Amino acid sequence: MGYTRQELFSALRAQALDVTFDDIRLATGYSDILPEEANLETIFTRNVKLKIPLVSAAMDTVTEAPMAIVMALLGGIGVIHKAMKPQAQAAMVRRVRTYLNGLISNPTPVLDTDTIASVKDLKRRLLEEGLEPHSFPALDSNGKLIGLLTREDIYFCMNDDRLVSEVIEPTHLKAPKNTTIQEAFQEMLKYHEKALPLHDDAGMLCGMYAFSDVARIVTGKQHMHNIDEKTGQLRVAAAVGTRDFEERAELLVREGVDVLVIDTAHGDSRRVYETLAELKRQYPDVDIMVGNVSEGESARRLADAGADGIKVGQGGGSICTTRVVAGVGCPQCSALHECSCAVEGRGIGICSDGGARNSGDLTVALALGSHSVMAGRLFAGTDEAPGTVTKVDNNWVKEYRGMGSVGAMKANAEAMHDRYQQKAVPEGIESVVPYQGKMADVIAQLIGGVRAGMGYTGARTIEELHKKATFRRASSAGIAEGRPHDVIVTKQTPNYRES
Ligand code: IMP
């Protein structure tokens, strides 16, 4: 039998020794579950759940809207980075939130006096913002909902000078504001309508359902999607800093962001506590994840200050030079153990951030008390990460850089119209990673590995993994033994690369 967490880490503490992923692995134990039976549901923060324990990092080469959409579709969550204007970040949150459009809370309307030409212009502008509405609610000059301008109304109109009021069908459905997603589905099904605008008691437009999205939600085809059950929309998180966060947070919250992530290199600092207090005061209903820390004391202080989630990891990221440059940080497994123990039983989500290189590392991070794992390097080479695929030394690659690298700091300063400080001290590097294709395939391998680990340890849920896991510590010969050795690799395998 392996060592319990307490046994292992007290023995290590006695030697003043901290460990990270390669140093420890899970002990196997009696199991009555198959990997596919493992339940991976977990939390990101106190009130925001995940169907798989994976989070994409708030980095400009990892998470923008396409990554956040695919993460939520696959059951995890993406944190949209903040190296852009607040308006641009909020538009990305909107793109994710409206991707499924269970309820479109602020549909773009047209006026009965608009021409079809101007509606076509509006469609083009919306497309540039990443929105693709097919139908538009139509309003009269008092702002009252009069009906729906459908894709067919626009398509079959042969004279673009005609007015909206002349082409819409007066018989199209509309419904009162409290119509549920189920009722909307039944109505649209019965009358073969593709959209259903909603009006309030005064007859003013207050939302809209789209049939394709409603049908997907109601018929359960989205069972793996991480959605906000109240609205049927995909969940999404977004990063904020500790300076000038007010406008950014306001716009993000207005677009329905599920979690605000106070994204700093040192979470246990005065400015972070001030930001947390202010965000909690202004948005008591929005969960706040705070980071990063690596000491138990820091995690406890953040918990006492009201954090709903704590991000653990300082200096372990693949592109990170914090330990080299500043001389600080703690090996990730020890940091996870200390931080998760410090806030255990308080309902706070612990997110292991940085340093995970393969699915085995994810299982170990989860077994050490974390509820989710954030990664950058594991996802940066996929189609859904920003940037294009290029060829370096005959290999297809994508760019991956630290947010504290010279390139990212310069780009950030440009985006914010600030002057880049030549004297800024980088704590990250710029690199490329192998091109990896679709996120769905990457996630399937990672999750498959975690399931396998849960099968070996006999843990049916992540909560059970926290309680049941026991560990083995490897010597350097043990670490070498645990990887392919003494052979010449002839074929790439999808879930292992020589590092
Ligand atoms: P990875 O998954 O090992 O590649 O680590 C990703 C994590 O590294 C991110 O989620 C951040 O917490 C952290 N990180 C991002 N950029 C930098 C940087 O420039 N310096 C140090 N850490 C960084």
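Every number for a ligand or one of its atoms is a count from 1 in the order of the listing. Small disclaimer: the values here were computed from a predicted structure and weren't measured.
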Lys/Arg-Asp/Glu bridge criterion (N-O < 4.0 Å) met for D258, K49: no
R473 versus L12: any side-chain heavy-atom pair under 4.5 Å? yes
Does a salt bridge link R13 with D18, judged by any charged N lying under 4.0 Å from a carboxylate O? no
What residues come within 4.0 Å of ligand 1, counting heavy atoms only? A57, M59, N292, G317, S318, I319, C320, T322, D353, G354, G355, M374, A375, G376, R377, Y400, G402, M403, G404, S405, E427, G428
Tell me if a side-chain donor or acceptor on H466 pairs with a main-chain N or O of S370 at a distance below 3.5 Å. yes
Is there a side-chain contact between C333 and F471 (heavy atoms, below 4.5 Å)? no
Measure from the side-chain N and O atoms of S352 to the backbone N and O of A365, and report whether any donor-acceptor pair falls under 3.5 Å. no
